[in-house]
Amino acid sequence: DAAEAVAAALAPPGQIATLILPADVCWLDADGPADPITPTAKGAPDEAAVNGAAKLLAEHKDDPGSVVLLLGGNVCRAADLEAASRISNATGAKLLADTFPTRIERGAGRPDIDPLAYLAEFVEMQLAGARHIVLVGCPEPVSFFAYPGKASRLVPDGCTVHTLAEASDDCTAALGAVADLVSQAVHLGDGLGKRGSKVGLRLARRVTSDLVAEQLRSEEHTSELQSH
């Protein structure tokens, strides 16, 4: 029973497991240590969700801040933040963390990320102008309590919510896959958008969007060949 409780607690995304035992376990001899039970593995990234997120981000590069990448749960560690930062640098997406993520890794060299505010009116300001919210390991933002005259659902009107990965999925792998698809914008932006050239930056974004679309078509073609 204890081994099952430990495995349940360690199952993604991590949770509390309550173990209720009779009082005599305090004084009776045990048969010996129990064999450990392997926790349930994280779910693999959904290919359609990864490709859809990459396409969405690429299509909105000319409108920085219109797409919000919202990280939560255990998705604010170094690898997650680095992948999310690559996505933001390439596409202009706004990075935000859930109000109470499990842990945010800070320190020199770590990408900076702001959490959603606690009060609903401040969250509305943070999400103002967002047309799409991509969720990574967290639910959509809602108010912590119902107040008269205050919104409970904090997603802006007209904003579409997309889920890249659930909290029980391998969110790190999902972010990395999206970052690989869109990160070419960083290099193109450095080369074509020097000295703040708006024309060069627009060209870099347009070319990158075409490259992402071409890569997605290539992957779809490869999958079709493998299925045959």
Measuring from atom [atom1] of [X] to atom [atom2] of [Y], what distance do you get when rounded to the nearest 0.5 angstrom?
X: C159; Y: R153; atom1: SG; atom2: CZ; value: 8.0 Å
X: R106; Y: I113; atom1: CZ; atom2: CD1; value: 8.0 Å
X: R86; Y: L81; atom1: CZ; atom2: CG; value: 13.0 Å
X: L56; Y: T91; atom1: CG; atom2: OG1; value: 9.0 Å
X: L70; Y: L95; atom1: CG; atom2: CG; value: 10.0 Å
X: D31; Y: L28; atom1: CG; atom2: CG; value: 10.5 Å

Side chain to side chain, [X] and [Y], heavy atoms closer than 4.5 Å:
X: N89; Y: I87; value: no
X: L69; Y: I133; value: no
X: S152; Y: V142; value: no
X: L116; Y: Q126; value: yes
X: L135; Y: L164; value: no
X: H60; Y: S66; value: yes
X: E59; Y: K55; value: yes
X: V6; Y: I37; value: no

Item to complete: Establish whether L96 and V155 are linked, either directly or via other cluster members, by ILVMFWY side-chain heavy-atom contacts under 4.5 Å.
Response: yes

Side-chain ([X]) to main-chain ([Y]) donor-acceptor, under 3.5 angstrom:
X: N51; Y: A48; answer: no
X: E82; Y: P111; answer: no
X: K61; Y: A58; answer: yes
X: D169; Y: A165; answer: no

Residue pair [X] / [Y]: nearest heavy atoms and the distance that separates them:
X: L154; Y: L127; value: O-CD1, 3.5 Å
X: V75; Y: L71; value: O-CD1, 3.5 Å
X: Y118; Y: T99; value: CA-CG2, 4.2 Å
X: K42; Y: D170; value: CB-N, 3.9 Å
X: V182; Y: A54; value: CG1-O, 3.9 Å
X: P13; Y: A167; value: CB-O, 3.3 Å

Item to complete: Look at atom CG of D24 and say whether more than 12 heavy atoms of other residues, nucleotides or ligands are closer to it than 6.0 Å.
Response: yes

Discussion item. Other residues, nucleotides and ligands only: do more than 12 of their heavy atoms fall within 6.0 Å of CD1 on I16?
Written reply: no

